[in-house]
Amino acid sequence: MNSSRRSFLKTATLIAGAAAVPVTFMSREAFAAKVAKASMQYQDTPKGTAECSTCMQYVPGKSASANGTCKVVEGSISPKGWCLAYTAKS
Ligand code: SF4
């Protein structure tokens, strides 16, 4: 199983758990919809050494300190943030 498939499955499982929806009923299209920050326990601060800037789901903003976006969580995302779907870049 390649890394992006593993990441997809890990994130899908986390989202399914957060939404109490069995992952087997989620299509890729349903997965493409972003989830609310609260559902993923998003916070604007790191969790230990884990932060959005080192997460493979993070899409950087215009500078290293500017907010970016996330492939999973909706809204503006701090590079110093964190959520349950954190997946370290390999
Ligand atoms: S930690 Fe969560 S909010 Fe931050 S980039 Fe990763 S998946 Fe998105």
Side-chain angles (χ1 to χ4, degrees):
M1 187 180 308
N2 67 33
S3 152
S4 66
R5 175 125 176 102
R6 237 188 341 265
S7 172
F8 170 80
L9 290 173
K10 177 183 176 188
T11 304
T13 302
L14 285 167
I15 291 171
V21 175
V23 70
T24 52
F25 295 114
M26 292 180 69
S27 66
R28 275 196 177 260
E29 290 73 27
F31 176 75
K34 293 185 181 183
V35 298
K37 289 179 175 178
S39 298
M40 300 309 286
Q41 298 180 23
Y42 173 83
Q43 59 190 43
D44 282 329
T45 54
K47 178 103 168 180
T49 59
E51 62 182 38
C52 295
S53 67
T54 61
C55 176
M56 67 186 309
Q57 307 296 352
Y58 185 64
V59 180
K62 292 185 176 177
S63 71
S65 60
N67 281 8
T69 59
C70 174
K71 298 171 191 169
V72 177
V73 176
E74 66 187 14
S76 179
I77 301 296
S78 169
K80 296 291 184 187
W82 176 89
C83 86
L84 288 174
Y86 176 81
T87 306
K89 292 178 188 171
S90 51

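Just so you know, ligand 1 is whichever comes first in the structure, and atom 1 is the first atom listed for that ligand.
Listed by number with element, the atoms of ligand 1 under 4.0 Å from a non-hydrogen atom of Tyr58 are 5 (S). For ligand 1, the atoms closer than 4.0 angstrom to any heavy atom of Tyr86 are 1 (S). Listed by number with element, the atoms of ligand 1 under 4.0 angstrom from any heavy atom of Ala85 are 7 (S). Atoms of ligand 1 lying under 4.0 Å from any heavy atom of Cys52, numbered from 1 in the order shown and given with element: 1 (S), 3 (S), 4 (Fe), 5 (S).
With rounding to the nearest 0.5 Å, the separation of CD in Glu51 from SG in Cys83 is 13.0 Å. Within the model, atoms OH of Tyr42 and SG of Cys52 stand 5.0 Å from one another, a figure rounded to the nearest 0.5 Å. Rounded to the nearest 0.5 angstrom, Trp82 CH2 and Gln43 CD are separated by 6.0 Å.
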Can you list the steps and then say if Tyr58 with Thr69 is a side chain to side chain donor-acceptor pair (under 3.5 Å)?
CA-CA 6 Å; Tyr58 185 64; Thr69 59; over 6 Å; no

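With a 4.0 Å cut-off on non-hydrogen atoms, Cys83 touches ligand 1 through its backbone as well as its side chain.
Among the backbone and side-chain atoms of Cys70, an N, O or S atom lies under 2.8 Å from atom 8 (Fe) of ligand 1.
Lys89 NZ: more than 12 foreign heavy atoms inside a 6.0 Å radius.
Remark: minimum distance from atom 6 (Fe) of ligand 1 to any protein heavy atom is reached at Cys55 SG, 2.4 Å.
Counting only distance, with no hydrogens or angles, the side chain of Thr87 and the backbone of Ala85 share a donor-acceptor pair below 3.5 Å.
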